[in-house]
Structure formats: C-alpha cells, structure tokens
Q: 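Have a look at this one.
In the text below, chain A, chain B and the rest are named by the order of the sequence lines, each starting its count at 1.
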Amino acid sequence: IRSYTTLLHAYARACNYNKAISLFEEIKQKGLSPTLVTYNVMLDVYGRKGGRSWDKILSLLDEMRNNGLEVDEFTCSTVISACGRRGLLDEATKFFNQLKSRGYVPGIVTYNSLLQIYGKAGNYPLALSVFKELEENNCTPDSITYNEIVATYARAGFYEEGAKVLDSMATKGIMPNSITYTSVINAYGKAGKEDEALFLFHRMKKLGCVPNVCTYNTILGMLGKKSRSKEMLDILLEMKSNGCSPNRVTWNTVLAMCGKRGMEKFVGRVFEEMKNCGVGPDRDTFNTLIAAYGRCGSGAHALQIYDEMVKAGFSPCLTTYNALLNAIARKGDWGAAESVILDMRNNGFKPN
RNA sequence: AUCUCACUCCA
C-alpha cells in the first residue's frame, strides 16, 4: 500500500487526477486497505481536480471514519484548501467547526490553511480572526502564518499594514523571505506606488534576500502596466545574470504589456519567442493573448487566437469569453459578439 | 509516501 500511495502521489503531482482515481479503485478491488496517507493523497486529488468533486471529498471522509482512521493535519489542511479553490468558504468553516466539536485540536498547518482561504477570498477580518484564535489556543505562528497575514493585508490594499508586519516579523524570530517581500512589493505596485515597490525590491537584495522568479514577475508586471519597457529589459537581464529562468508567468506578463495600441506586432513576436524558448502556452497564455489583441484593437487576431486555443486542446473559460467579447466590442461587431455568446452558452458558461 | 504562503489573463 505504501508503494501504491507513492504512485498515487506521483500521479497527483503530475495532475493525472483521473489516473490516480482509477488506480485508487484498483487498489481497493485488490483488497488492500488504504492508509491515512493514501486517503490524504486522494483528498488532495479531488481537491485539485475540477468539476463537482466536493461530494466525493465528503464521502471519502465518511469512508475514512468508517475504517476507523482519525484525521490529521494533512487531512484537515487538504480539505480546507479544497474548499478554498472552489470558493466554498462556508463549507470550510463548517468542516473546521465540526473537527473541533469532535475533539480534534487544530495545529498550525490547519490554521494556516484556513487563514489563507479567507485571506484569498478577500475576507480579511475573518482571516485575522483565525490568527487571533490560533494564538489564543497557544499555537505558535510560523513563517507561513506571517506570510499569509502579510499577503492578506496586501491583497486588501493595506500595503502599509503589510509592510509593518514585514518589518516586525524579525522581532518575533521569523525572518521575512522572498515570499514576504513579493507580497508587499506587489501591493505597492497595485496601489501605484512604484517607487516604494522598487525601493523594497532593492532593500530585500541589500539584506541578502534573493529574489526568485515570482519576485521578478511582480516587478515586471508593475513596470509593464506603466510601459516602462527599458527597465523591464534591465530586469530580464538581471534575471539572466542571476540564473533565474523566466517561466510561463514571466512570458504571460510580457505578453500582457504588449496589449497597447501600436504594439500589435510585438504580441505575435513575443509569443513566438516564448515557444522558441521551450515554454509552451497554457490557458492563461491564450487568455492573455486574446486580451492583448483586443487592447491593440485587433478583434480579428483575438478570434484567431481563440480558434488556436481550442485547436491546442485548451478549454475556454469565462475569462476567455469575456476577453473575446471585449475585443470584439471594440470594433462594434455585434454579430460576432452574439455568436460568441451563443458559443459560450453551448459550452455551459453563463455570462456574468 | 501525503498538507498550508507570494507572481501573469477578462470584469
């Protein structure tokens, strides 16, 4: 069962969720008893798989209980994060309260997962209440807790609060890392405080904290919004000399900044360059391309990319359709817009 | 053998 569990985990990591699910069935048919870890892996599989797998998660939890298995920190955080991905905050709260009423004492990992889903959903008062509760229960916050608090403030637009926590972490014995800095830099950038963001970026480096690809992507995105392309090139060169390879998000970020009047030529060029560098497009890349062409005023290219996206085997999502409609609306082609709406409905999406 | 934090796309 250990070997099978390892294999299940490998499938999960590779996003081969259906393979994991069928292997899990096979395991049970062979008469092997899944362990707590096996169940935890499967909960994670259903948590990451799209569609309506929440019921499946509940039935797995039932099955675990029927087999006499007690949940642990892995189980709890996995289930809570699964709720978060689906926007099922109430379900997460219910699950958490049930845990406690059954006598489970939540540990820091469970608290962290709850804090992160509330924070990500923009409910920062609730997120902060989790922090309060964990401290009251003598649970010691760790670096992830602090990073989540900083990210929660940052997302809510409270960059000063975020920066304050960043500065005070060290006094609690927890050093800010590249994740902490990236959160606050991003908050400054989103608030139009480019100077503060760049200052913090320099400060982190001066303090010996090494920026990673996410940090660089954050800076690139911020500069891109302001069309500061010269500085973007400097950043890309700095990445290169620091041995930090651009990832798909880096390319998507650069593509997004090409969505400006008169920059239409660059969209296609950057996309080609991306592929030449061995970075394959994902669904976000196609959404970015559609939006970028729309901003360039080229609805025709946007429609072309949509076809390319479908041909490449990616399923359009609501964002895709909204971006496409936006692109088409710019040229006033209501006929094309109606057919996109139709297409959207046929694929099971409701306009929002 | 398993979990929780930051970066890109429409609005």
Q: Tell me which residues in residues 62-85 of chain A lie within less than 4.0 Å of RNA chain B, going by non-hydrogen atoms.
A: Glu73(A), Phe74(A), Ser77(A), Thr78(A), Ser81(A), Arg85(A)

Q: Under 4.5 Å between any side-chain heavy atoms of His9(A) and Asp44(A), yes or no?
A: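 Of all side-chain heavy-atom pairs linking Asp44(A) with His9(A), none is under 4.5 Å.
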
Q: For RNA chain B, note the earliest and the latest nucleotide, 5' to 3', having some atom under 4.0 Å of a heavy atom belonging to chain A.
A: rA1(B) to rA11(B)

Q: For Thr182(A), answer base if it contacts any base atom (sugar-phosphate contacts may also be present), sugar-phosphate if it contacts only those atoms, and nothing otherwise; contact means non-hydrogen atoms under 4.0 Å.
A: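 Thr182(A): base contact, heavy atoms under 4.0 Å.
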
Q: For Asp284(A), answer base if it contacts any base atom (sugar-phosphate contacts may also be present), sugar-phosphate if it contacts only those atoms, and nothing otherwise; contact means non-hydrogen atoms under 4.0 Å.
A: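 Base contact.
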
Q: Which part of the nucleic acid, if any, lies within contact of Arg155(A), taking any heavy atom under 4.0 Å across all strands shown: a base, the sugar-phosphate backbone alone, or nothing?
A: sugar-phosphate

Q: How would you list, by chain and number, every residue that makes a side-chain hydrogen bond (donor to acceptor under 3.5 Å, both in side chains) with Ser77(A), sequence neighbours excluded?
A: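 Expected list: none.
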
Q: I need the residues from residues 163-180 of chain A with at least one non-hydrogen atom less than 4.0 Å from RNA chain B; give them sorted by number, or say none.
A: Ile179(A)

Q: Could I get the full list of salt bridge (charged side-chain N to carboxylate O under 4.0 Å, His left out) partners for Asp55(A), not counting sequence neighbours?
A: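 Per chain and number, Asp55(A) pairs via salt bridge (charged side-chain N to carboxylate O under 4.0 Å, His left out) with Arg52(A).
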
Q: Heavy atoms within less than 4.0 Å of RNA chain B: which residues of residues 343-351 of chain A have one? Give them sorted by number.
A: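 Listed by number, there are none.
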
Q: Can you name the residues that form a side chain to side chain contact (heavy atoms under 4.5 Å, CB included) with Arg248(A), not counting sequence neighbours?
A: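 With neighbours one apart ignored, the set is Asn252(A), Met274(A), Val279(A), Asp282(A), Thr285(A).
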
Q: Cut-off 3.5 Å, no hydrogens considered: what does the side-chain donor-acceptor table look like for residues 117-126 of chain A, sequence neighbours left out?
A:
unit_1, atom_1, unit_2, atom_2, d
Tyr118(A), OH, Thr93(A), OG1, 2.7
Asn123(A), OD1, Leu126(A), N, 3.3

Q: Hey, do the aromatic rings of Tyr321(A) and Phe349(A) have their centres closer than 6.0 Å?
A: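 When the ring centroids of Tyr321(A) and Phe349(A) are compared, they turn out to be within the sub-6.0 Å range.
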
Q: Name the nucleic acid region contacted by Thr319(A), choosing base, sugar-phosphate or nothing; use a 4.0 angstrom heavy-atom cut-off, strictly under.
A: base

Q: Is there a side-chain contact between Phe74(A) and Leu36(A) in this structure, where contact means two heavy atoms from C-beta onward sitting under 4.5 Å apart?
A: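 Side-chain contact under 4.5 Å: no.
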
Q: Which part of the nucleic acid does Thr285(A) contact within heavy-atom distance under 4.0 Å: base, sugar-phosphate only, or nothing?
A: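 No contact at all - Thr285(A) keeps every heavy atom at 4.0 Å or more from the nucleic acid.
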
Q: Applying a 4.0 Å non-hydrogen cut-off, can you work out what Asn212(A) is touching in the nucleic acid: base, sugar-phosphate, or nothing?
A: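 Counting heavy atoms under 4.0 Å across all strands, the contact made by Asn212(A) includes a base.
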
Q: Enumerate the side-chain hydrogen bond (donor to acceptor under 3.5 Å, both in side chains) contacts for residues 130-141 of chain A, please, sequence neighbours excluded, ordered by first and then second residue.
A: Lys100(A)-Glu133(A), Tyr111(A)-Glu133(A), Tyr111(A)-Asn137(A)

Q: Write out all pairs satisfying side-chain hydrogen bond (donor to acceptor under 3.5 Å, both in side chains) with one or both partners inside residues 165-175 of chain A, taking only residues at least two apart or from two chains.
A: Asp167(A)-Arg203(A)

Q: Measure the shortest side-chain to side-chain distance between Pro176(A) and Val165(A) over non-hydrogen atoms and say whether it is less than 4.5 angstrom.
A: no

Q: Residues two or more places apart in sequence or in another chain: which of them pass salt bridge (charged side-chain N to carboxylate O under 4.0 Å, His left out) with Arg13(A)?
A: none

Q: Kindly write out the residues that satisfy side-chain hydrogen bond (donor to acceptor under 3.5 Å, both in side chains) with Asn16(A), not counting sequence neighbours, or none if the list is empty.
A: none

Q: By the 4.0 Å heavy-atom rule, please label Ser183(A) as base, sugar-phosphate, or nothing.
A: sugar-phosphate

Q: What does Val109(A) touch in the nucleic acid at a heavy-atom separation under 4.0 angstrom: a base, only the sugar-phosphate, or nothing?
A: base

Q: Is any side-chain N of the basic residue among Lys28(A) and Glu63(A) closer than 4.0 Å to the acidic one's carboxylate O?
A: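 Yes, this pair counts.
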
